[in-house]
Amino acid sequence: MDISTLSLARAQFVASLSFLALFLAVSLALAWVLLFFKIRARWSGHGGWTAAYRFWVRIFALAFVLTLAASVPVLIQIGSLWAGLMDKIGNVAGPLLGYGILSVFILKSCFLGVMLFGQRRVSDGAHTLAVLMVAVGQLVAVFWVLALQSWMQTPDGALLVDGRYQVYDWTAVVLNPSVGWRMATVAVGAALAASFLMMGVTALQALRRPLGDGERSAFRTALVVAVVAALMQLPVATGAGQMVAKLQPAKAAAAAGFWESGAEPSLVLFGWPDARNHTNVADLTLRNMGGMWLHRNPDGTYQGLDKYSGMLPPVALTFWSLRVAAALGLLMLAVACVTFLWTFRRGLDPSTLPRWWQRVMCGMMFSGGIAVVAGWWVSIIGLQPFAVNGTITQSEVLGSVSSSTVLYGLAGYGVLYALLLAAFAGMLFHAARYGVVPVRKLGGGTP
């Protein structure tokens, strides 16, 4: 089998999943933020919360459309690049994907039109209910997708019989060992992606003009969400990392840059994994602190990459993706906490921040989204060369496509994704520049 075709197929699929993961995270978190805005507006009658809703619902709509657009290439590539995959895991994947699609149409799409276009055509209570159902539908749909993705990482509840998985326990399939940690990781990443996007946009607005009540309300909400989510990173990352060490030891060893099995290794902070010589070049380590992230054999030795000769994941990509995600996570924690402490006695008002710090927050606008993509790279790339961990390899299910076809597809998708990202950024900055018309309180309610 042509290895270049396999490599190109992997690159194309990872690129498509990354684009999907980015906008899925933003739309997931924004849906719940918008629900909070609606509830606060309904309870307080303050026009600032309605103004915040009216601005950010437009960004949610953009992210939602891009999420739907990004899901189409992923589904197409499952059937074309990995033509043999559904034949082997269709009994598991088919129902889970079906539940996800039904969740989108029943719990989300039926109410999306009311949410986006019905604010002045239905009662405020009915509109709030529509926002709630869209947020719930988004969460349920994401759960089913993650149930499948996590099952492929840690398969349970099904047996491989004559080359096809047969389900014997659907509860074990859905609630597989990694789904809880995967859901927690996605929730924290989505919260950080949306909150830093909101804070960055508001900081950009504060640099250009005086802020309105809606912009201040959005910033306060985003800052609290960012602080809580940033603090949750450590327990979630620790739990997820220990789960990976137990159930996916090859991925854990690649992420740690641990080559030779033996005694407790040092924790490699930075360095360059050299796969040819099985070592890390120019590494910076903390002595005897890497054991908690690695699998231990029954005899007490830590399991390194030397145990997986010929079946190694791309070590450098897995190693560096984790460190990019971790570095951005620590940076977001620092920025969120400093901003909170700086503005705590000033009503969390971004206008009171120095202009240089507002520029820092503008620079952090997309940090959460980049961290989400890096985290997905650890999960997806670290699973290679397997499609289903430990049983089905990607080379087994690769479709009969030529290298040139996959290369042209990768280039086309790359150009398309670049244009869509540029369009999203352009529309985001345009919306930030003009904001929304201030909302006036009418007769004790909100329009």
Side-chain angles (χ1 to χ4, degrees), residues 14-36 56-74 100 103-104 108 112 134-150 153 178-201 218 221-222 225-230 232-233 236-237 240 321-322 324-329 331-333 336 364-381 417 420-421 424-425 427-428:
V14 168
S16 297
L17 281 176
S18 300
F19 190 81
L20 173 61
L22 172 62
F23 288 101
L24 187 65
V26 172
S27 60
L28 172 63
L30 279 182
W32 289 96
V33 170
L34 290 171
L35 176 63
F36 174 76
W56 284 102
V57 75
R58 294 186 289 177
I59 310 305
F60 167 80
L62 287 174
F64 176 80
V65 169
L66 288 174
T67 301
L68 287 182
S71 65
V72 175
V74 172
S103 300
V104 170
K108 188 164 64 174
L112 186 65
V134 169
V136 171
Q138 187 88 339
L139 184 63
V140 172
V142 168
F143 172 79
W144 290 117
V145 172
L146 288 180
L148 175 57
Q149 197 267 345
S150 60
Q153 302 275 338
S178 64
V179 69
W181 289 116
R182 189 66 185 148
M183 195 71 190
T185 302
V186 168
V188 170
L192 288 170
S195 60
F196 271 86
L197 181 68
M198 295 172 69
M199 290 192 296
V201 167
T221 302
V225 170
V227 170
V228 173
M232 287 297 297
Q233 288 181 110
V236 170
S321 296
L322 177 62
V324 168
L328 286 173
L331 184 59
M332 287 187 287
L333 173 62
M364 294 289 292
M365 187 183 303
F366 301 111
S367 57
I370 297 172
V372 165
V373 172
W376 272 83
W377 279 31
V378 175
S379 177
I380 300 166
I381 295 175
Y417 292 148
L420 290 176
L421 285 171
F424 177 80
M427 297 181 75
L428 179 68

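As a basis for the values below, the full set of heavy atoms in this structure was taken, side chains included, without hydrogen atoms, waters or symmetry mates. Numbering of residues begins at 1 and proceeds along the displayed sequence.
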May I ask you to test the [X]-[Y] pair for a side-chain heavy-atom distance under 4.5 Å?
X	Y	value
Leu428	Val201	yes
Trp376	Ser321	no
Met198	Val225	no
Phe60	Val33	no
Leu34	Val134	no

To the closest 0.5 Å, what do you measure between [atom1] ([X]) and [atom2] ([Y])?
X	Y	atom1	atom2	answer
Arg58	Trp56	CZ	CH2	10.5 Å
Leu112	Leu68	CG	CG	8.5 Å
Phe64	Thr67	CZ	OG1	7.5 Å
Met232	Leu333	CE	CG	12.5 Å
Leu192	Met364	CG	CE	9.5 Å

Phe424: partners by ring-ring contact (aromatic ring centres under 6.0 Å, His included), with sequence neighbours left out: Phe23
Output all residues satisfying ring-ring contact (aromatic ring centres under 6.0 Å, His included) with Trp144, sequence neighbours left out; order by chain, then residue number. Tyr99
Heavy atoms only: give me the nearest [X]-[Y] pair and the separation to one decimal.
X	Y	result
Leu197	Ile59	CD2-CG2, 4.4 Å
Ser367	Leu328	O-CD1, 3.8 Å
Gly100	Ala141	O-CB, 4.0 Å
Val378	Leu322	CG2-N, 3.3 Å
Val372	Ala21	CG1-O, 3.9 Å
Ala193	Val26	CB-CG2, 4.4 Å

Partner of Ser71 under side-chain contact (heavy atoms from CB on, under 4.5 Å), chosen from Leu24, Leu20, Leu66: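 Going through the options one by one, the only one that passes is Leu20.
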Main chain of Ser150, side chain of Ser178: is a donor-acceptor contact present, judged purely on distance under 3.5 Å?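 The answer is yes, because a donor-acceptor pair under 3.5 Å joins these two groups.
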Provide the full list of side-chain hydrogen bond (donor to acceptor under 3.5 Å, both in side chains) pairs with a residue in residues 182-192, sequence neighbours left out, each pair given once. Gln149-Arg182
Residues two or more places apart in sequence or in another chain: which of them pass side-chain contact (heavy atoms from CB on, under 4.5 Å) with Ala226?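 Scan of Ala226 (side-chain contact (heavy atoms from CB on, under 4.5 Å), adjacent residues dropped) gives Ser195, Phe196, Met199, Ala336.
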For Ala374, what residues pass the side-chain contact (heavy atoms from CB on, under 4.5 Å) criterion, not counting sequence neighbours?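 Scan of Ala374 (side-chain contact (heavy atoms from CB on, under 4.5 Å), adjacent residues dropped) gives Val324, Ala325.
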All side-chain hydrogen bond (donor to acceptor under 3.5 Å, both in side chains) counterparts of Trp32, not counting sequence neighbours: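 Scan of Trp32 (side-chain hydrogen bond (donor to acceptor under 3.5 Å, both in side chains), adjacent residues dropped) gives none.
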